[in-house]
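Data block below; observations after.
Whatever order the structure lists them in is the order used to number ligands and atoms, beginning at 1.
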Amino acid sequence: MTTRVLKADQSALDEAARLIRAGEVVGFPTETVYGLGANALDGAAVRKIFEAKGRPGDNPLIVHIADLDQIAPLIEGPLPPQAQALAQAFWPGPLTMILPKSGLIPPEVSAGLDTVGIRMPVHPVAQALIRRCGRPIAAPSANRSGRPSPTAAAHVLEDMDGRVPLILDGGPCGVGLESTVLDVGAQPPRVLRPGGVTPEMIAGVLGPVEVDGSALRPLEAGEVARSPGMKYRHYAPRGAMTVVRGARAQERIAQLYDRAQAAGQRACILALEAHMPCYGQRRALSLGPDAAAAAARLFDLLRAMDQDGIERIFCEAVEARGLGLAVMNRLGRAAAFDFIDAGEEGAR
Ligand code: AMP
Ligand code: MG
């Protein structure tokens, strides 16, 4: 199959909607990352997403809607008041709510669970596409399973060339990390995957919110993943990555980098903008000035590591608050939780 990449204008949107209605899979931009979309109500079309990604069948997809009216047929029972309040506050936007699913959702979408994740994206191309299809679109991130999520059409092409007929190019994604996944029905509501809508923002609407323990640590032996995606190696560059936190992180990273280079490994440092001068002539790329910038750049940087043949990556930690929690969650998974604490005595 040849893969076309088209600038997301009106005629490209018409073509994408036609393909989706015909049961095909299309790459498209959202404000979080690029998605790989199919008709959410067509199990056979949804199976093509799993094939194109090489995604394990037990990892459910998020269903994307453009209007609140689209939600009622997709869920069992009425929309709970908490979900209504969150939709009011954060939709359209990067928040996915886990709700009891109706019989209309094919088992492929929910990976056999009795719940479904639903989100209303704010990106104009995503909205236009859903409206033009006239049905909800099931879409995971448009990367090959295990690879960093795509934040530009070129990333999607890198992973999906020959696997999907069309990719809509809508420029770089604004948030750059996948949506927040929230189990609204849990008591208290529980963030299963941190993202652009932070726990602090959700707490501002609902009161106390829990963050699932798996956000910042690997699953323990026998522990069931509440958010199935969390059990897979994810977002990983090919080089081995270490995340260093603590007051003396810069010193420690410089040391580790020098050691790796001396051992003949091609190494690279990822650092906050303000710390770049600490690394002198060493190969270092900037995460930007803060967590929001780091979120927007992270996946692009991880792909750049692969293109540059980097074997060893040393990355500064950011504070795990606000959007920083989502950044640390992705860094943890990209680094297989190889975290080092470089506090006062850590910097020997
Ligand atoms: P992706 O769009 O590739 O980031 O994948 C969607 C992610 O959302 C999955 O990996 C799950 O972790 C999460 N998700 C989707 N549906 C559900 C659900 N019904 N229950 C819990 N987590 C879900
Ligand atoms: Mg994904």
Basic-acidic side-chain contact under 4.0 Å: Arg266, Glu311
no

Glu31 side chain to His123 backbone, donor-acceptor under 3.5 Å:
yes

Before signing off on this row, confirm whether Glu178 and ligand 1 have an N or O atom pair separated by under 3.5 Å.
no

Spell out, as yes or no, whether a donor-acceptor pair under 3.5 Å connects the side chain of Arg297 to the backbone of Ser286.
yes

Test Pro136 against every option in Ile130, Leu41, Ile105 by the side chain to side chain contact (heavy atoms under 4.5 Å, CB included) rule and name the one that passes.
Leu41

Check the Mg ion (ligand 2) and write out every protein N, O or S atom at under 2.8 Å, as residue and atom.
Ser141 OG

Suppose I only count heavy atoms of Ser141 and a 4.0 Å limit; which atoms of ligand 1 are within that range?
1 (P), 2 (O), 3 (O)

Would you mind listing which atoms of ligand 1 come within a distance below 4.0 Å of any non-hydrogen atom of Leu113?
18 (C), 19 (N), 20 (N)

Using a strict cut-off of 4.0 Å, indicate which atoms of ligand 1 neighbour a heavy atom of Thr115.
18 (C), 19 (N), 20 (N)

Identify, with sequence neighbours excluded, every residue that meets side-chain contact (heavy atoms from CB on, under 4.5 Å) alongside Gln250.
His275, Cys278, Tyr279, Glu316

Geometric cation-pi criterion, Arg330 with Phe299: 6.0 Å, 45°:
no

Sub-4.0 Å heavy-atom contact, Lys101 with ligand 1:
no

Please answer whether the main-chain N or O of Gly195 pairs with a side-chain N or O of Thr180 as donor and acceptor at a distance below 3.5 Å.
yes

Can you tell me if CZ on Arg321 sees more than 12 non-hydrogen neighbours from other groups inside 6.0 Å?
no

Looking only at distances, please establish whether an N/O atom of ligand 1 is found under 3.5 Å from an N/O atom of Lys53.
no

Quick one: does ligand 1 sit under 4.0 Å from the side chain of Arg226, the backbone, both or neither, non-hydrogen atoms only?
backbone

Is Leu272 reachable from Val243 through a run of I, L, V, M, F, W or Y residues, each pair having side-chain heavy atoms under 4.5 Å apart?
yes

For the pair Arg226 and Asp183, find out whether any cationic side-chain nitrogen is under 4.0 Å from an anionic carboxylate oxygen.
no

Ligand 1 contact on Asn59 by region, counting heavy-atom pairs under 4.0 Å
side chain

Under-4.0 Å heavy-atom contact with ligand 1, by part of His64 that carries it
neither

